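These notes concern the structure reproduced below.
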Amino acid sequence: MKKLLFTLIGCAAIFAMSTNSAKAQSYEHAIGGRFGSANGVSFKTGLNKGAMLELIGNFRSNSGATYANLTGLYEVYNPIQGADGLNWYYGAGATIGSYKIKHGGGSDVYLSANGVLGLDYKIKNAPINFSLDWVPALQLTPDTGFWGGDVGLGVRFTF
């Protein structure tokens, strides 16, 4: 499982480095944290005019289970008139992850299709970006089901 996740991360990074910059946002790349029900790292890169690719690596552990996953999202950005640096965005993507039930439980790999809806703000003349988004998921394996999603706050360094 670890080899598969590292391979996917590597492929996504190569893809991200080979793309053009986004034009609807005032930055080309951003890296930082995403904080919600599962905290993790977030990387955004421009693809073409008005679109970005976001990669999110989440890690979560509690007394009953441990989770790790990688989410890739294609996001379309639209500026909000009269609010410099503020965009709303929507998109779709997928998640691959694994979980382990502690204390004698099993483990498995899961795959889901995701949507995303959010707000993105880049502070003028500062390399800081904030986002607030909602990422619902339709789990495809090992069981099928809808998860209402995670609301997360992103704080990133832009470059």
Side-chain angles (χ1 to χ4, degrees), residues 1-22 24-48 50-77 85-102 107-124 126-141 147-159:
M1 180 61 195
K2 287 182 184 178
K3 288 181 184 179
L4 176 63
L5 283 176
F6 284 120
T7 301
L8 289 172
I9 291 170
C11 290
I14 290 169
F15 174 74
M17 287 186 276
S18 68
T19 58
N20 296 326
S21 65
Q25 304 75 244
S26 56
Y27 61 93
E28 292 183 35
H29 311 286
I31 190 165
R34 185 172 186 280
F35 309 97
S37 65
N39 298 326
V41 295
S42 170
F43 174 73
K44 286 190 176 194
T45 189
L47 296 176
N48 54 38
M52 294 192 95
L53 171 69
E54 182 174 11
L55 300 173
I56 305 167
N58 283 328
F59 315 97
R60 179 173 44 180
S61 183
N62 58 37
S63 61
T66 301
Y67 302 85
N69 65 44
L70 176 66
T71 301
L73 298 167
Y74 179 83
E75 300 169 344
V76 177
Y77 283 69
L86 184 62
N87 293 284
W88 72 275
Y89 61 93
Y90 63 91
T95 296
I96 185 168
S98 67
Y99 66 90
K100 181 177 182 180
I101 306 298
K102 297 178 181 178
S107 63
D108 211 337
V109 175
Y110 60 92
L111 179 66
S112 66
N114 302 86
V116 63
L117 179 63
L119 292 171
D120 184 269
Y121 180 68
K122 163 69 172 71
I123 298 176
K124 187 175 181 177
I128 304 295
N129 161 255
F130 296 100
S131 67
L132 181 65
D133 58 26
W134 173 54
V135 183
L138 175 62
Q139 187 169 322
L140 305 172
T141 63
W147 181 57
D150 174 35
V151 174
L153 173 68
V155 180
R156 296 176 202 85
F157 173 77
T158 63
F159 55 102

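As the structure is a prediction and not an experimental result, all values here were calculated from the model.
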Self-check item: Non-neighbouring partners of Ser61 that pass side-chain hydrogen bond (donor to acceptor under 3.5 Å, both in side chains), sequence neighbours left out
Solution: Thr66, Lys102
Quiz item: With sequence neighbours left out, which residue pairs that include part of residues 64-75 fulfil the salt bridge (charged side-chain N to carboxylate O under 4.0 Å, His left out) condition?
Solution: Lys44-Glu75
Quiz item: Using the ring of each side chain (for Trp, its six-membered ring), is Phe43 parallel, tilted or perpendicular to Phe159, with breaks at 30° and 60°?
Solution: tilted
Quiz item: What residues, two or more places apart in sequence or in another chain, satisfy salt bridge (Lys or Arg N to Asp or Glu O under 4.0 Å) together with Arg156?
Solution: Glu54
Quiz item: Can you name the ring pair (Phe, Tyr, Trp, His ring centres under 6.0 Å) partners of Tyr89, sequence neighbours left out?
Solution: Tyr77
Exercise. Could I get the full list of side-chain contact (heavy atoms from CB on, under 4.5 Å) partners for Asn114, not counting sequence neighbours?
Key: Thr71, Leu73, Thr95, Ser112, Val135, Ala137
Quiz prompt | Partners passing side-chain hydrogen bond (donor to acceptor under 3.5 Å, both in side chains) against Tyr110 (at least two apart in sequence or in another chain) | solution = Asn69
Quiz item: Just checking, any donor-acceptor pair under 3.5 angstrom between side chains of Asp150 and Ser37?
Solution: yes
Self-check item: More than 12 heavy atoms from other groups under 6.0 Å of CH2 on Trp134
Solution: no
Quiz item: For Leu132 and Val151, what are the C-alpha separation, side-chain angles and deciding distance, and is it a side-chain contact (heavy atoms from CB on, under 4.5 Å)?
Solution: CA-CA 7 Å; Leu132 181 65; Val151 174; 4.0 Å; yes
Practice problem: Sorted by first residue and then second, give each salt bridge (charged side-chain N to carboxylate O under 4.0 Å, His left out) pair with at least one member in residues 86-100; sequence neighbours left out. | Solution: none
Practice problem: Sequence neighbours left out, what passes side-chain hydrogen bond (donor to acceptor under 3.5 Å, both in side chains) with Asn58? Give chain and number order. | Solution: none
Self-check item: side-chain contact (heavy atoms from CB on, under 4.5 Å) partners for Trp88, two or more places apart
Solution: Asn78, Ile80, Tyr90, Leu117, Leu119
Quiz prompt | Counterpart residues, side-chain contact (heavy atoms from CB on, under 4.5 Å), relative to Ala65 (two or more places apart) | solution = Asn62, Tyr67, Ile101
Practice problem: Quick one: list whatever passes side-chain contact (heavy atoms from CB on, under 4.5 Å) with Ser63, sequence neighbours left out. | Solution: none
